[in-house]
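Lettering of chains follows the sequences in order, A, B, ..., and the numbering in each one begins at 1.
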Amino acid sequence: MHWADHTAMRLTEQYGPQVIASGITPSGEFHIGHLREILTAEMIHRACLDAKIDSEYIFIVDSMDPLRRVYSFLSDEYEKYIGYPLVNIPAPNPDGSPSNEGKNYANHFLGPFLESLKEIGVYPRVVMNHKTYEDGEFAEKIDLAINNKEKIHEIIENISGRELPEDWFPYNPIGSDGSMDGVRVTGYERPYVFWTDKHGIDGRSDIRKADGKMPWRVDWAARWGIHGITCEPAGKDHGASGGSFDTGIPICKLLGSEPPGKMVYEWIQLKGSGPMSSSSGNTIGPIEALDLVPPEILRYIIARTKVKKHIDFDTGPSLFETADEYERLVSNPPSGEGLSKKKKVAKDTILGSLRLSQVNRGEDPSKSIAGVSFRHLAMLAQIKSRDQDIWDSLNNSKHIDGEPNESLVGRLSRMRNWIEGVHFPDDARIRIQGQISEENKQKLTEQQKLFLSELSSEFESCEWTENRVNELIREITMKIGIGRREGYVALYLLILGTDYGPRIASIITELSRKQIMQIFSKSL
RNA sequence: GGGUCUGUAGCUUAGUCAGGUAGAGCACCGGGCUUUUAACCCGGGGGUCGCGGGUUCGAACCCCGUCAGACCCGCCA
């Protein structure tokens, strides 16, 4: 059974209607690591719906979280905003300076991310956490937390093993300058928390408004209750023993609600360069990824991997493999009756992955495939600059019949982006040689050289079409009595510098006659 | 130091929660395809399931130990 279906099944044994949640702090550029948070939750949500269980998927944006430090992509001017809720900070300009155009920091990073979520078929109910404070929905929990301050203090110290300061308080008010840093609580009288800030100014915060927020570990536990969350997969950072999940569970109960079960997912890493982090700049954004990878493949990468396994995200060679695997599985899905228990499990898991990889829930996966492998398309895209030539070629090779489908058109345009960019794998790149290398020239037999020179003289005036070129290759190899294979090898050595390659006639005719003649004349 | 996860064919991995003689893809090798030599079809070799113990009639799977890697324990998905 697929992990999402399995989780859905477990959830229904425990709760009624489901509220599946994700939560992310918009402190910087979103990256595909965040996509795992989102998709893990969203796939469980879909699995619930598919099992005819009431379910809602919410995406909680931690817009009330304070700016912790001046990240590398921010200018020094942000120093003054440290401790401010992200929603109250101006968005950065491209040069990192704060903008005056009225957009806030949280929305600045959130907007593009929500756009890419649409592209992968994720439509959450977005909850801005500052709104929840503003609307007074936290008030009851804040009151309870303050009245149980000692108990919460104890829970956090016991479970996390870290020591909290003597004057720790489960509510951080915003001071007179807008920052939550250095604000000392001096008293509480519902609904007001009284404080003195770092400038020595006194004030009060209304717990029914966004005048402050609870610290992370308490905030998280409280919101589980407020939104009735039944499942919120957490990154392994929160999942560590003594981490915020472990303290959240008893705190949530203390605040009068039933916590969700613990579920922890592994991180996505960039192949070879470790974990992703918005602040270190080691990221691939969802937009960048969607520029190269079709959305269903991106979903498939997450869907096929067990939640507790880390994913090496790689835009290089393994992307071919994953994409072709997807293509193959969709066009030839596992089937069969009377399988052994294990085979049946494997079959159901794969079918689940394919089902959950669809951009539109419930859509037939066969609509999402292009009918041609990534590898083949990569080859065609490199040797043919006109899309129509590619469709013709694919018709010819019987990959498609007639016009390309929407999926294929999208694949080709992404493929072209990929080829032009830095992520395209070297060994898939076709490089036209200016002339044959000395080393490769040594490899040619006398007959192969004869073949090339005869071909060269025919090329001077022949019809410049794939068919004609192919015919010539056939005719000349026959004429001088060498195997066709040998003829092809000679051409590959000459034009690509390797002894194998894609259909050479396409490459030859894609290049101009002049270019080809130059290679020949320089090499022979 | 404390903790979590991972370790199965050259590579990516399924199977571990409910124990019943290791399954797939890629790559590789061989064959076929008389316009596809990065296409397509067929076939093949390849694994002491990290290591050592234990429980069991039987262990990749359960238990104990051990090694290696990744990560968490201020913030981070």
Side-chain angles (χ1 to χ4, degrees), chain A residues 1 6 10 22-25 27-28 30-41 62 65-69 71 159-162 216 233-244 246 264-269 274-280 304-312 314 317-318 320-322 324-326 328-329 334 339-347 349-350 353 372-380 382-383 393-394 396-399 427-428 430 466-471 473-474 478 484-489 491-492 496 498-507:
Chain A
M1 194 185 288
H6 188 254
R10 264 192 10 239
S22 302
I24 301 179
T25 307
S27 57
F30 283 77
H31 52 68
I32 50 167
H34 294 112
L35 230 41
R36 187 166 202 182
E37 159 98 21
I38 298 284
L39 285 174
T40 302
D62 286 309
D65 282 21
L67 183 71
R68 311 251 180 223
R69 59 191 174 83
Y71 301 111
I159 296 181
S160 77
R162 68 186 244 246
W216 160 245
K236 64 167 170 191
D237 48 335
H238 299 308
S241 172
S244 42
D246 286 356
V264 178
Y265 63 86
E266 254 288 351
W267 285 12
I268 296 183
Q269 319 214 5
M276 251 176 284
S277 158
S278 318
S279 38
S280 71
R304 68 158 178 176
T305 312
K306 281 182 292 193
V307 172
K308 277 191 282 200
K309 283 210 151 198
H310 93 252
I311 295 176
D312 269 325
D314 178 10
S318 69
F320 277 115
E321 222 176 276
T322 309
D324 289 348
E325 174 183 302
Y326 176 83
R328 191 173 51 242
L329 286 174
L339 298 170
S340 70
K341 192 173 82 184
K342 280 172 184 172
K343 288 196 172 164
K344 191 177 177 314
V345 168
K347 182 188 103 175
T349 306
I350 289 170
S353 299
V372 52
S373 74
F374 253 48
R375 213 164 271 282
H376 191 54
L377 191 62
M379 186 266 289
L380 291 175
Q382 287 181 86
I383 60 176
S393 166
L394 288 173
N396 231 326
S397 58
K398 306 253 177 3
H399 279 95
D427 63 350
I430 296 172
E466 239 178 275
N467 270 345
R468 185 60 193 142
V469 168
N470 258 325
E471 271 172 30
I473 293 171
R474 251 190 321 164
M478 260 154 63
R484 198 170 308 160
R485 186 190 188 92
E486 284 180 73
Y488 278 113
V489 169
L491 281 169
Y492 285 116
L496 299 180
T498 57
D499 55 7
Y500 66 102
R503 206 173 163 192
I504 196 71
S506 312
I507 297 176

Practice task
Answer yes or no: is there a donor N or O on one side and an acceptor on the other, between the side chain of A:Asp65 and the main chain of A:Thr25, under 3.5 Å?
Solution key: no
Practice task
Nearest whole angstrom, please: distance from the C1' of B:U12 to the CG of A:Asp324.
Solution key: 14 Å
Practice task
Would you classify A:Glu325 as touching base, sugar-phosphate or nothing, given that sugar-phosphate means primed atoms plus P, OP1 and OP2, and contacts are heavy atoms under 4.0 Å?
Solution key: nothing
Exercise for the section: Please work out if A:His376 contacts a base, only the sugar-phosphate, or nothing of the nucleic acid, heavy-atom cut-off 4.0 Å. Expected result: sugar-phosphate
Problem - Same-atom distance (P) from B:A9 to B:G2, integer angstrom - result: 31 Å
Handout entry: Partner nucleotide, any strand, of B:G30 [Watson-Crick/G-U, under 3.5 Å]
Key = B:C42
Handout entry: Watson-Crick or G-U counterpart of B:U16, or none if no pair lies under 3.5 Å
Key = none
Completion exercise
Rounded to whole Å, the CG-C1' distance (A:Leu496 to B:U36) equals 14 Å
Exercise for the section: When you get a sec, tell me which of B:C76, B:A77, B:C5 is the closest nucleotide to the side chain of A:Glu37? Expected result: B:A77
Exercise for the section: Using heavy atoms to find the nearest nucleotide of RNA chain B for A:Gly235 and A:Tyr492 separately, return the residue whose nucleotide is more 5′. Expected result: A:Tyr492
Fill in the blank from the handout: Rounded to whole Å, the CE-P distance (A:Met1 to B:U16) equals 12 Å
Problem - Shortest non-hydrogen contact between A:Val307 and A:Val264, atoms and distance - result: CG1-O, 3.4 Å
Handout entry: Given B:G25, B:U16, B:A77, the nucleotide with the shortest approach to the side chain of A:Lys306
Key = B:U16
Completion exercise
Nearest heavy-atom contact between A:Trp216 and A:His238 is CZ2-CE1, 3.4 Å
Practice task
Round to the nearest Å and state the distance from A:Leu329 atom CG to B:A24 atom C1'.
Solution key: 9 Å
Fill in the blank from the handout: With the side chain defined as heavy atoms from C-beta on, A:His34 is closest, among B:C75, B:A77, B:C71, to B:A77
Problem - Aromatic stack A:Trp267/B:A77: centroid gap under 5.5 Å, interplanar angle under 30° - result: yes
Exercise for the section: Report yes if some heavy atom in the side chain of A:Ile268 is under 4.5 Å from a heavy atom in the side chain of A:His310; otherwise report no. Expected result: no
Handout entry: Step-by-step side-chain contact (heavy atoms from CB on, under 4.5 Å) determination, A:Ile350 to A:Arg304
Key = CA-CA 7 Å; A:Ile350 289 170; A:Arg304 68 158 178 176; over 6 Å; no
Problem - Per A:Glu266 side chain, nearest of listed nucleotides B:C75, B:C5, B:C26 - result: B:C5
Exercise for the section: With heavy atoms under 4.0 Å as the rule, sort A:Ile350 into base, sugar-phosphate or nothing. Expected result: nothing
Handout entry: Watson-Crick/G-U partner (both atom distances under 3.5 Å) of B:U66
Key = B:G50
Exercise for the section: Determine: side-chain N/O of A:Lys309 to OP1/OP2 of B:A70, distance under 4.0 Å, yes or no. Expected result: no
Exercise for the section: Looking at every strand, decide which applies to A:Thr25 at a 4.0 Å heavy-atom threshold: base, sugar-phosphate, or nothing. Expected result: sugar-phosphate
Handout entry: A:His238 side-chain proximity, nearest of B:A14, B:G25, B:C76
Key = B:C76
Fill in the blank from the handout: To the nearest angstrom, the NE2-P distance between A:His31 and B:A77 comes to 6 Å
Completion exercise
Heavy-atom nearest nucleotide on RNA chain B taken for A:His6 and for A:Ile24; more 5' hit belongs to A:His6
Exercise for the section: Indicate, with a heavy-atom threshold strictly under 4.0 Å, whether A:Arg36 touches base, sugar-phosphate, or nothing. Expected result: nothing
Handout entry: Integer-rounded Å distance: B:A24 C1' and A:Arg328 CZ
Key = 9 Å
Problem - Pairwise side-chain contact, A:Trp267 with A:Arg36, heavy-atom cut-off 4.5 Å (strictly under) - result: no
